[in-house]
There are 2 protein chains.
Amino acid sequence: MKKEFRSLCPIASTLDILGDKWSLVLIRDMLVREKKTFKAFSASEEGIATGILASRLKLLESFGLITKRKLPDNKKENIYLLTEKGIDLAPVIIEVTLWGDKYMRKYNPELKAYEKLKTDKASIISTLQENYRQMVAKIIV
Amino acid sequence: MKKEFRSLCPIASTLDILGDKWSLVLIRDMLVREKKTFKAFSASEEGIATGILASRLKLLESFGLITKRKLPDNKKENIYLLTEKGIDLAPVIIEVTLWGDKYMRKYNPELKAYEKLKTDKASIISTLQENYRQMVAKIIV
DNA sequence: ATTTTTTACTTCTATTTTGAAAGTAATCCA
DNA sequence: TGGATTACTTTCAAAATAGAAGTAAAAAAT
């Protein structure tokens, strides 16, 4: 769990913690697909190794992007939820999605389309965030 | 130079090429700081190793985010410039900057401030892109 | 004209990170 | 009570990264 930063630049500092192949994929799983458990993350199509998944969840938790809790009626499952800090990555997720949708199809022709995003970026972002907050509210009562 | 993708998701596919600690820092150097040469990238405060720099430039070029050329009057220096595809990462850069500015200061207290960004996101993005395009236009005549 | 410096790398080796598989402990379910 | 499920940890090989040093071509200095 490294906590040192390369520079005083907010981009570089953000990449010091999120700059890898998995962190934003996990944020996507949570925010867009509303995944909440280790098993659900583990099952996503990208096939993250369990060791890396465990270490990333720990890192994200240590930086306050997610919380880990158990629900009263289930002592086995851990529920991972985005904090506001994590939810606030929605604009980054959306911009990366738009860029990938526009430019990566050339290399990965079967990419799923995201037409709606082009229509109204700002409202898609707030809807995504609001939906997530409501889901969290239902879970933690 | 891996060119395989983990999934059909545009986010994951984008991270397959840009998901590391250095690629977006290089894009920042080009777009925001208008750096153009190997030496200039090498000199930035984050201290990228030359071997990694060379491999990243090669990767970015292979995916069409940057071009590499020599100017008529200088056979030694290589000039690296963002393509439109690379310039189109401006919204991602800006969103990452905003997020980092808001949330990373807690861990990296001396982070430089980016107040203007909060004022008018869209116009900052287009100004950044326009400035870059004009710089390129001057260089390549 | 020749030496020195600069630029853009490549190469080397050590360390760190990742990936794949297997193992473990606690809880849940039949 | 016994098997399945969940959430990990551990192990080990492979890949990526970091830091240092070396090289070749071009430019600048002498």
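Since the structure is predicted, the reported quantities are computational estimates derived from the model, not experimental observations.
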### Task
May I ask you to decide whether B:K121 forms a salt bridge with A:E95, counting only side-chain N to carboxylate O separations under 4.0 Å?
no
#### Entry: Interatomic distance where CZ belongs to A:R6 and P belongs to D:dT17 [whole Å]
11 Å
### Summary
To the nearest angstrom, the CG-P distance between A:L53 and C:dA20 comes to 14 Å
### Query
Given D:dA18, C:dC28, C:dA8, which nucleotide is nearest the side-chain atoms of B:N78?
C:dA8
### Query
Can you check the A:K39 NZ to D:dC8 P distance for me, whole Å?
14 Å
### Task
In whole angstrom, give the distance that lies between atom CG of A:N74 and atom P of C:dT27.
11 Å
### Summary
Checking C:dC28, D:dA7, D:dA27 against the side chain of B:K75 (C-beta onward), the nearest is D:dA27
### Task
Ignoring the backbone of A:A54, work out which of D:dC8, C:dT10, D:dA7 is nearest its side chain.
D:dC8
### Query
C:dA8 P sits how many Å from B:L71 CG, rounded?
11 Å
### Query
Given side chains that start at C-beta, do those of A:L111 and A:M104 come closer than 4.5 Å, heavy atoms only?
yes
### Message
Does A:T37 reach a base, just sugar-phosphate, or nothing at all? Heavy atoms under 4.0 Å.
### Response
sugar-phosphate
#### Entry: Flag for A:E46-B:S7: side-chain donor and acceptor within less than 3.5 Å
yes
### Task
Starting from P on D:dA24, measure out to CZ on B:F38 and report it in whole angstrom.
17 Å
### Task
Identify whether any heavy atom of A:K70 sits under 4.0 Å from a base atom; if not, whether one sits that close to sugar-phosphate; answer base, sugar-phosphate or nothing.
nothing
### Message
Please tell me if A:W22 has a side-chain N or O lying less than 4.0 Å from either OP1 or OP2 of C:dG19.
### Response
yes
### Task
Write down the distance between CD1 (A:I52) and C1' (D:dA13), rounded to a whole number of angstrom.
13 Å
### Message
Are A:F41 and A:L57 packed together at the side-chain level, in the sense that at least one heavy-atom pair is separated by less than 4.5 angstrom?
### Response
yes
### Query
Which comes earlier along DNA chain C counting from the 5' end, the contact point of A:T50 or that of A:K76, where each point is its nearest nucleotide?
A:T50
### Query
Got a salt bridge between B:E34 and B:R28, using NZ or NE/NH1/NH2 to carboxylate O under 4.0 Å?
no
### Task
Return no unless some side-chain N or O of A:Y80 is found under 4.0 Å from OP1 or OP2 of D:dC8.
yes
### Task
Map A:G51 and B:E77 onto DNA chain C by nearest heavy atom, then report which one ends up closer to the 5' terminus.
B:E77
### Task
Could you check how far CD1 of B:I79 sits from P of C:dA8, rounded to whole Å?
8 Å
